[in-house]
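Lettering of chains follows the sequences in order, A, B, ..., and the numbering in each one begins at 1. Given the structure is predicted, the values throughout are model-derived calculations rather than measurements.
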Amino acid sequence: MEYIYAALLVHSAGKTVDEESVKAVLSAAGIAVDDSRVKALVAALDGVDIEEAISKAAAAPVAVAAAGA
Amino acid sequence: MEYIYAALLVHSAGKTVDEESVKAVLSAAGIAVDDSRVKALVAALDGVDIEEAISKAAAAPVAVAAAGA
Amino acid sequence: MEYIYAALLVHSAGKTVDEESVKAVLSAAGIAVDDSRVKALVAALDGVDIEEAISKAAAAPVAVAAAGA
Amino acid sequence: MEYIYAALLVHSAGKTVDEESVKAVLSAAGIAVDDSRVKALVAALDGVDIEEAISKAAAAPVAVAAAGA
Amino acid sequence: MEYIYAALLVHSAGKTVDEESVKAVLSAAGIAVDDSRVKALVAALDGVDIEEAISKAAAAPVAVAAAGA
Amino acid sequence: MEYIYAALLVHSAGKTVDEESVKAVLSAAGIAVDDSRVKALVAALDGVDIEEAISKAAAAPVAVAAAGA
Amino acid sequence: MAIYTHHLPAWKREEVESIVENAGKHELIGLVDVYGIPARQFQQIRRNLHGSAVVKVARNTLVEHAFNELGGHFIDLNGHVSEHSALIFADGNPFKLFKSLEQTKTKRSAKAGEITPEDIVVPAGPTSFKPGPIVGELQQAGIPAAIDGGKVKIKETKTVVKAGQAINKKQADVLAKLDIKPMPVGLSLLAVVYEGEIYLPDVLGIDEEAYKAKITLAAQQVFNLAVNAAVPTSCPFVTEAQIAKAVREARNLGVEAPIYEKGVIEMIISKAYRQANALKA
């Protein structure tokens, strides 16, 4: 999922999710970047409304153990 | 959500989620870092098993979640 | 959760959720205030429509099995 | 809900939810305290296990609930 | 619904829901009492288990939540 | 719950829910009136849109055992 | 008073006076339909009502005389007098009288041409009939039948006649053979005068289910109001719901903002993970 998190991070920074920005973030996290995966990610997200895609994702129900916290 | 994306990215890179690593990723994404939020995030994650939290999210019923819409 | 309750309390008093007001409420509850957590809280709420946020089902509904109980 | 928030804040501070503590918190938030509501609140909480009540909050859907109208 | 509210008030006071008690409550609320409606109410509730009907309400929001799917 | 039924009855009679009206209804139902509870009720309902509040379904507490599902 | 009766023969006058006298002794005076009640059953119903209501059969002309003499709303009762009506005298709540009469009703077979008050449903399954012309009779009445294992079997559950429709002769014959009794037998209240008001069946017939639903609704409204307005109550269930609501609101705010605090961090992780998953898909 790290490539997706990187894309979400770039997106939430208000930047365009392109190869350069994704690579920068992944590198900063200490991840050895796979160029072809970055390319594939950017291509897959091309034309995708990221806001809309993530807007439906609610958090999962809290487990009872956590609920007491 | 950018701070949590950063934390999850660091975590999925196999690194410890600490202030430094989170800041590095946020900065790389071009986000102006708020020190207090990074501190709060790291403090909140202390003692939390991120893998377990993710696996609960994965197991939670997605179909039902739609009912909340 | 005490910082969040403090924010809700300040908000429901019709006040702006700022560092000063949150600290006052936490102190009145006898809580030793952590400046950085207060800062993080106020930063997180900056630009957030609190009314809308509290009524938005952030968490996914309980599984159907549980709902029938 | 401000009286309930105040009670939860006092509770999460590890203090006993009594008239004095609830009033102190409400006042600090700038809310004009109604003595009878505080009294009634404290009476209502007598016999209720707050921890248990909190755990029962487990992710019940707020938005969906409106459908019951 | 005012006749129903009146009946439930009388019931929750531990009194028998009869014409006299319902009329007294309605009148006290400043409602011009319609004798035949009171009679119909009393006759209808004669065969109804009020507690059971009330208890269905408690579970209702949960049921609705599940039904929202 | 008799105090709330009294309030609903007064409201459905088109009257303002104040101490006097609530007391009159409770007394008519043969309920020994607790002044402080009436005060608390009226204070809690002050500024509340009763129509909206009665039609917005509140969630019933979910059993802890079920919440873990 | 005597203007209506002075020209009547003595026994008729006595009959009218007896009706008027009974009317004076009871709070409720009405008319019931006794159509189709066999004599023995009629006697049984009268015995069952003993103590709560008196049913009196009288000549309609004399009933009308009596009603005219009583005046007021009794004159309106005249419009409900029919060849199958009888007088009923009772006390108390007219809605309760109506209900108790409904409860004493039994069922009988339908005659051709009668209107069924309810859907007549014939269930699928075996019958006790041996193969024979009955199969054709069933089919002509609209009931799909076949022979199965030496017995006549109804192939599927069928609504033969809908409520409010007339039952034809073929249907009536077959339903009688199937021992299906769709017609209620008993006293039907046609109209009643009580405390100067006339009450008709459309008003007197109470839908108890509707009342139950209203009670449930009222209880729900009270619960909603108590929780939404945070009204303090002595009901622990409500207090728990209020706490749960406040906690949910705090969690919602915590996740939405997001506020990185212990109580909500797992939910925030969960949300981030789900967002990532949603994007991945």
Got more than 12 heavy atoms from elsewhere within 6.0 Å of [atom1], [X]?
| X | atom1 | answer |
| --- | --- | --- |
| Glu19(B) | CD | yes |
| Glu52(A) | CD | no |
| Lys39(B) | NZ | no |

Check [X] against [Y] and note the closest heavy-atom contact, atom names and distance.
| X | Y | value |
| --- | --- | --- |
| Gly30(B) | Lys15(A) | CA-NZ, 3.4 Å |
| Ala28(B) | Ala24(A) | CB-O, 3.6 Å |
| Ala29(B) | Ala13(A) | O-CB, 3.3 Å |

Counting heavy-atom pairs under 4.5 angstrom with chain B, the leader among Val25(A), Ile54(A), Leu9(A), Ile31(A) is Leu9(A)
Of Val48(B), Val22(B), Leu8(B), Leu26(B), the largest count of non-hydrogen pairs under 4.5 angstrom with chain A goes to Leu8(B)
